[in-house]
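Here's the structure we're looking at; comments come further down.
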Amino acid sequence: MVRADIHFIGTVQGVGFRYTTLSFAQQLSLRGWVKNLSDGSVEAVIEGPREKIEELLSRLKGQFGSFIRDQQIEWGEYRGEYDKFFIA
């Protein structure tokens, strides 16, 4: 189990990105949150098995690859802070 702090940069607001992230995360039984930032980017904190987080990122790239200009990921230790995935 790991934690990923992710910053998505590009045209990621107003295109259904957060709701799709929520749906994929719930399908994969991941925990954490996703939110819009004032600069037009999106931030997410996701906890779960690394393989499932990487699957989520792959799915997002498949659906929003043309919208995501950059993706910054900081991997860390699992903290067990969340009991579900939600839009913050």
Exercise. Under a single-linkage definition using a 4.5 Å side-chain heavy-atom cutoff for Ile, Leu, Val, Met, Phe, Trp and Tyr, are W33 and F85 assigned to the same hydrophobic cluster?
Worked result: no
Problem set entry | ILVMFWY network linking L57 to V15, side-chain heavy atoms under 4.5 angstrom | yes
Problem set entry | Distance, nearest 0.5 Å, that separates CG of D5 from CD of Q72 | 11.5 Å
Exercise. With the 4.5 Å side-chain cut-off for hydrophobic clustering, are Y82 and F24 part of the same group?
Worked result: no
Problem set entry | Donor + acceptor pair across side chains of E54, S58 (<3.5 Å) | no
Exercise. So, for H7 and D39, which heavy atoms are closest and what is the spacing to 0.1 Å?
Worked result: NE2-OD2, 4.4 Å
Problem set entry | Separation between CD1 of I6 and CG of L56, rounded to the nearest 0.5 Å | 6.5 Å
Exercise. N36 versus F17: any side-chain heavy-atom pair under 4.5 Å?
Worked result: no
For this session: Supply the atom-to-atom distance E55 CD to Q27 CD, rounded to the nearest 0.5 angstrom.
Result: 9.5 Å
Problem set entry | Pairwise distance CD(E77) to CD(E47) - rounded to 0.5 angstrom | 11.0 Å
For this session: Check A4 against I73 and note the closest heavy-atom contact, atom names and distance.
Result: CB-CG2, 4.3 Å
Exercise. Considering residues at least two apart in sequence or located in another chain, which fulfil the salt bridge (charged side-chain N to carboxylate O under 4.0 Å, His left out) criterion with R69?
Worked result: none
Problem set entry | Cluster link F8 to F67, ILVMFWY, side chain under 4.5 Å | yes
Seminar exercise, completed: Between S41 and Q13, the two heavy atoms sitting closest are O-NE2, 2.8 Å
For this session: Could you tell me which residues satisfy salt bridge (charged side-chain N to carboxylate O under 4.0 Å, His left out) with E81, sequence neighbours excluded, listed by chain and number?
Result: R3, R79
For this session: First locate atom CZ of R59, then atom CG of L28, and finally report the distance between them rounded to the nearest 0.5 Å.
Result: 4.5 Å
Problem set entry | Transitive ILVMFWY side-chain link I53 to I87, under 4.5 Å | yes
For this session: Might you confirm whether atom CZ of F86 has over 12 heavy atoms from other residues, nucleotides or ligands at distances under 6.0 Å?
Result: yes
Exercise. So how far is it from K84 NZ to L30 CG, rounded to the nearest 0.5 Å?
Worked result: 15.0 Å
